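Written out below as structure tokens is the structure these notes cover.
Chain letters run A, B, ... following the sequence lines, proteins first, then strands; residues in each count from 1. Hydrogens, waters and symmetry mates play no part in the numbers below; they use all other heavy atoms, side chains included. Not measured: the values here are computed from a predicted model.
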2 protein chains.
Amino acid sequence: MANTKTNLSNSVKTLKGLQSEVQSINRIALSVDCVIFGFDENKLKVLLIRSDLKKYQNTFSLLGDLVKPEEDLDTSAYRILKQRTGLNDLYLEQVHTFGEVGRHPGGRVVTVVYCSLVNVQHHRLKTLDHDLHWHEIDSLKELLFDHKKIFDHCYVWLQKRVQEHPLGFSLLPNKFSLRELQNLYEAILHKKLDRRNFRKKFFSMDVLVDIGEDEQNVPHRPGKLYKFDYEKYEKNKKKWQGIDF
Amino acid sequence: MANTKTNLSNSVKTLKGLQSEVQSINRIALSVDCVIFGFDENKLKVLLIRSDLKKYQNTFSLLGDLVKPEEDLDTSAYRILKQRTGLNDLYLEQVHTFGEVGRHPGGRVVTVVYCSLVNVQHHRLKTLDHDLHWHEIDSLKELLFDHKKIFDHCYVWLQKRVQEHPLGFSLLPNKFSLRELQNLYEAILHKKLDRRNFRKKFFSMDVLVDIGEDEQNVPHRPGKLYKFDYEKYEKNKKKWQGIDF
DNA sequence: CGAATAATGTGTTTATTTTACACATAAAAT
DNA sequence: ATTTTATGTGTAAAATAAACACATTATTCG
């Protein structure tokens, strides 16, 4: 064990010594990558960018960037989103950090991955970089580096997370019908749900507010529109909890 | 948006250019910290080390180290565990990455946090560093830097994770009684459980094997001993899943 | 303008899961 | 042998989830 005394939290040393150690030993770059989910035409999508590397010109990539020394990880993720989508205040959550030695051909790059959920309608208003594309998640093939693996991880994360936390609403317009909400869940979970039970379940969770308006321009009986009420959610959090021992 | 063209995945550039970018821009150190849970005397514990920094001599700290440029994050975590506990093959899982700018006085250090669960009985056989201590989680006060915050996050993680994945067994000896298993869950979840329902639940999950032995040296009727069967778990995974829509 | 179309809105019955709860049994200690 | 202590088991009630059908409302088309 004595031969391990060269590391960060062993052997007595001064703060100053620690500082120089921190600044000299590490040659690892740190990036943030964002898996940005959207929902459009009843399909779950992910926002990708055409790789800016000549060698990988026809490959798409997640949106990411190196973390700046003076910014928090979350701040970095928000910055990337802001730069790329023009939007603030998106739902954002850290999911996992990927750091295999060979994952990036540019050297050792460890990437902290965030998931974000955006309302595509709203988003479409902004003019965007032409290399950005919303890809259907079902037809995703190869991505840059290990980005496909990262995406797969995040998609599984989303499927689980959406059942224990009301983050799905971030993918919808402020006003939505229950049908739209159900379509969203069906797209994320990739299975059909019973319409009556779905409705019952959401009402019992008590996070929706009937805003007294109906859908417009639908070729059939319009449904009522609802909005998500975060305060109601806070009061009814326990209903979103899973199994208990 | 044009003024954002200096980052990792924008603007067309060569792989070579990317390499030098990766190697020059980042001045961020990367560490791994391990929250090592143990279970002893019916109490949940965490393995801490007395800080090796003069300034923080009376403060305890998680076990961590800088990540080496040539090692994967998981490898790094395993190395730390091996060095500090002498054990291989411990349960290990990445939980979260903490990277606030001011979290470490030695400079910008982003830390990837892993949780590990060890069998304290087994562990005690090894001779350990004298600065290591098993602390009861209930009486944890201040820890080094943001380690208390990190610990709290991991404890919440454990409480949730133990209900959806059979990782708790890593905290027990190979052979255990149902009472010991229940004590473990009660310690982790911090609440009393009904003995009959607990037993029923675990049997219905179908991951335990009766090994045909009884407890020894207990001052009362001995309980049967069981072991955890990972293959059975693989077959019955779905029973560990939470709510479904 | 009426009929056909298409999706909304609502309740009940059944099955499953979870909770609450009590007594006989086996070993150890006295 | 009696007392102590914790094990081992089952059932009834309550809550939750699943399966399922029909009347309603707006639109579209003839």
Rounded off to whole Å, could you give me the [atom1]-to-[atom2] distance for the [X] and [N] pair?
X	N	atom1	atom2	value
A:K239	C:dT18	NZ	C1'	18 Å
B:L181	D:dT7	CG	P	12 Å
B:K200	D:dT7	NZ	P	17 Å
B:E215	C:dA27	CD	P	12 Å
B:K201	C:dA20	NZ	P	12 Å
B:F198	D:dT9	CZ	C1'	16 Å
A:R199	D:dC20	CZ	C1'	16 Å
B:K192	C:dA20	NZ	P	15 Å

Any carboxylate oxygen within less than 4.0 angstrom of a Lys/Arg side-chain nitrogen, looking at B:E215 and B:R179?
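Salt bridge: no.
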Decide, yes or no, whether a salt bridge links B:K160 with A:E164 under the criterion of side-chain N to carboxylate O below 4.0 Å.
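Yes, this pair counts.
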Just to verify, which of B:K235, B:K232, B:K239 counts as forming a side chain to side chain donor-acceptor pair (under 3.5 Å) with B:D206?
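Answer after filtering B:K235, B:K232, B:K239: B:K232.
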Working to the nearest 0.5 angstrom, can you tell me the gap between [X] [atom1] and [Y] [atom2]?
X	Y	atom1	atom2	value
A:L90	A:S170	CG	OG	8.5 Å
B:L225	B:D214	CG	CG	6.5 Å
A:Q182	A:K192	CD	NZ	8.0 Å

Specify the residue among B:D194 and B:R179 whose closest nucleotide of DNA chain D lies further upstream toward the 5′ end.
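In this pair, the answer is B:R179.
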Position toward the 5' end of DNA chain D (nearest nucleotide), B:S177 or B:N197
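Per heavy-atom nearest nucleotide, the more 5' residue is B:S177.
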Between protein and nucleotides 21-30 of chain D, map the contacts as a letter string: B base, S sugar-phosphate only, - none, heavy atoms under 4.0 Å, written 5' to 3'.
B--BBBS---
